[in-house]
Chemist: 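Can you read through this structure? Questions will come right after.
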Amino acid sequence: MLMFTDYVEKIHSAILKEIPDFSMSELVVGQPGHGDISARLIRYLIKKENSLIISERISKDIKNLDFVQDATLENNYLNIRIRPSFIFNAIKETIDATGAFPDVFQDPERVSVEHTSTNPTGPLHIGRARNSVIGDSLARLKKRVGYRVTTQYYVNDSGKQMMSLYLGYEKFHKGEKPTVELLLDGYIKTYKYFEEVGSEKEVEDLMERYERNDADLISSVRKIAAIMLDGISRDLSTIGIKVDDYTWESAFMITGETGVVMQKLSPYLHDEDGAKYVDIPGLRKVFVQRGNGTSLYVTRDIAYHMYKFSQYDQCMVVLGEDHKEHTKSLAYIMKELLGYNNELSFVFYAYVNLESGKMSTRQGNSIPMISVYERLREKSLEELKKRYGEEADPSTADKMASSSFRYHLLKYNPSKPITFRWEDALDFNGETALFIMYSMVRASSILKKVETSVNEISMEGISESEKELLLNLYLYPYRLTEASRNSKPEIIANYAYQLASKFTTFYESTKISEQPESIKKRQLELVKFFLKILEDSCEIIGIQKVEKL
RNA sequence: GGGCUCGUGGCCUAGUCUGGAUAAGGCACCGUCCUUCUAAGUCGGUGAUCGUGGGUCCGAAUCCCACCGGGCCCGCCA
């Protein structure tokens with residue numbers, strides 16, 4: 001829960017005295033051009049005879065509030081300007097007292113955010129990385145607003161893909177030291193081989209053995225999976241992502257949890273040639289057990305969610321949009337058939353495509369996340385060398401690459417497909433992480449170089465660009481709330497850019513070092529607020545702080 | 001064929017949930033600004049009947065219907 005001085009709430013209360021059913025959503029905050037907060041009155045006044053009198057009365061009430069500078073009626077909008085000193089102090093008091101704006105109150109709710117969970121059959125490619133980037137930012141966002149968050153990776157080490165990976169190693173590289181490259185090569189060859197012989201029997205046999213708890217096989221497969229998973233975890237760590245919990249899917253088979261699931265579902269099971277399924281209204285049959293008695297993805301996923309529900313109040317899962325149908329079945333089974341009331345929600349994202357079409361690990365035409373990162377890093381270092389020559393700091397290049405990569409995949413609405421283009425990914429101009437980092441550097445630089453001896457802060461002669469910046473800083477808790485409520489970390493990505501942009505406008509219009517002392521003091525404070533809040537939002541979206549660019 | 005989803009200047013996007021004041025940015029293009037806290041930047045300009053056609057409404061990019069185009073799903077795969 002976020003704690004801050006909420007002027008919107010105060011205005012809302014004031015309007016409620018005249019219009020008892022006035023909705024909070026009719027208060028528009030931070031829309032440029034029309035006042036800091038605008039009250040949309042039209043809906044409530046349109047049918048009323050005495051609308052003019054009511055709106056005048058509201059206007060008068062609002063003007064009487066101590067924090068309101070001015071309120072004007074235009075086209076059934078009441079445009080309200082807040083006194084800059086009140087916004088300034090609202091931010092300053094919270095930062096001085098707690099070191100952050102807004103302050104946060106720890107929520108007792110335990111939240112699990114599951115992301116990535118890609119089959120360990122190859123290195124992380126940029127499509128899957130979209131999942132990781134969204135998921136990690138979502139987790140950080142939920143944490144920021146006060147939830148107790150744990151991130152989860154569900155390791156699929158028991159399905160068909162995994163068995164094919166194992167088979168590929170056994171068939172094409174047995175005896176060699178298993179590496180990511182070697183395993184991947186075997187995996188691709190195996191799928192080609194299936195096509196050639198027109199049968200997948202070999203892998204089906206493996207799956208059956210696996211589910212019958214063949215200890216040797218399970219341990220061999222896990223060894224192979226662990227090699228791939230290590231690679232994926234390493235890739236994730238280069239972009240600052242660390243997962244708290246890894247849960248191995250095979251665990252639910254070994255411990256017999258899938259059997260428990262079948263037992264609990266038994267009243268709802270139907271039979272079709274020995275295979276078991278449940279009927280879901282509006283959807284089709286959902287099979288939970290094969291004819292040969294082995295379990296299916298849904299079954300194991302149910303077991304996994306039973307486990308998660310025992311530990312968390314709320315479970316969120318980031319998934320590719322192709323899993324939508326699956327999650328409908330899962331949600332129905334968990335709630336309606338098994339009676340769980342824990343909150344279960346999903347964030348779906350559309351795939352990242354190439355200009356040449358889709359990516360596929362099996363077909364070997366995917367772009368590994370790490371190669372994009374490396375290119376970004378090279379370009380960053382190159383640019384740094386242009387500016388600093390041999391003094392260029394390689395660790396800055398790491399931060400530029402990681403931040404750029406994450407921002408590029410996060411800033412879009414997840415439901416929109418992305419076409420990956422190298423020229424876009426490697427662009428450092430415009431709406432990019434670099435612009436945001438650059439504004440951070442400029443602010444840090446001011447704080448290092450400009451000083452003032454006075455303590456009194458004057459609001460005199462505050463400019464439009466300063467007011468704009470101040471207002472946008474104040475908007476942060478509203479954006480956080482909106483982003484968290486809708487599980488949309490991209491709102492914070494857009495906010496950070498907008499904030500950086502407001503700062504840049506202010507920066508270009510004012511030479512702080514040349515201002516009279518009491519104004520300089522105010523502006524230095526403003527720069528401090530900016531840096532504090534920008535860093536706060538950047539922490540969520542994975543943009544790292546640098547001192548020099 | 002059925003279901004879901006996306007369609008906003010030449011290109012990439014925000015806004016759509018919760019309808020409301022001149023549709024907000026970036027890239028590219030044209031012009032402007034570095035002896036002054038970092039020009040990866042600034043300021044200004046050109047450029048959009050918000051896929052199409054209907055409907056609801058005082059009011060539609062936003063809601064409803066139909067159609068067109070792209071993506072995804074419709075396995076005893078995951």
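Here is how names work: the chains are called A, B, and so on, in the same order as the sequence lines, proteins then strands, and each is numbered from 1.
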Chemist: Hey, is the side chain of A:N79 pairing donor to acceptor with the base of B:A21 inside 3.5 Å?
Modeler: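 Donor-acceptor pair under 3.5 Å: yes.
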Chemist: Hey, does the side-chain of A:T432 have a donor or acceptor N/O within less than 3.5 Å of a partner on the base of B:A40?
Modeler: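 Checked by distance alone, the answer is no.
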Chemist: So that I can compare with my own list, what are the stems of RNA chain B, taken as at least three consecutive Watson-Crick or G-U pairs with distances under 3.5 Å?
Modeler: B:1-7 with B:68-74, B:10-13 with B:24-27, B:29-31 with B:43-45, B:51-55 with B:63-67
Chemist: Looking at B:U18, does its base get a donor-acceptor pair with the side chain of A:R485 below 3.5 Å?
Modeler: yes
Chemist: Give a yes or no on whether the ring-centroid distance for A:F194 and A:Y191 is below 6.0 angstrom.
Modeler: yes
Chemist: Are OP1 or OP2 of B:A40 and a side-chain N or O of A:R442 less than 4.0 angstrom apart?
Modeler: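 Indeed not, no polar side-chain atom of A:R442 lies that close.
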Chemist: Under 30°, 30 to 60°, or over 60°: which ring-plane class applies to A:Y154 and A:Y304, parallel, tilted or perpendicular?
Modeler: parallel
Chemist: Side-chain N or O of A:Y438 less than 4.0 angstrom from OP1 or OP2 on B:A40?
Modeler: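 For B:A40, OP1/OP2 do have a side-chain N/O of A:Y438 under 4.0 Å.
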Chemist: May I have the step-by-step check of salt bridge (charged side-chain N to carboxylate O under 4.0 Å, His left out) for A:D398 and A:R377, ending in yes or no?
Modeler: CA-CA 6 Å; A:D398 292 340; A:R377 195 177 172 284; 2.4 Å; yes
Chemist: Determine, using ring centers only, whether A:H326 and A:Y297 are less than 6.0 Å apart.
Modeler: yes
Chemist: Regarding B:A40, can its base be found pairing with the side chain of A:R387 as donor and acceptor, where the two atoms are less than 3.5 Å apart?
Modeler: yes
Chemist: Can you tell whether the side chains of A:R387 and A:E383 come within less than 4.0 Å, N to carboxylate O?
Modeler: yes
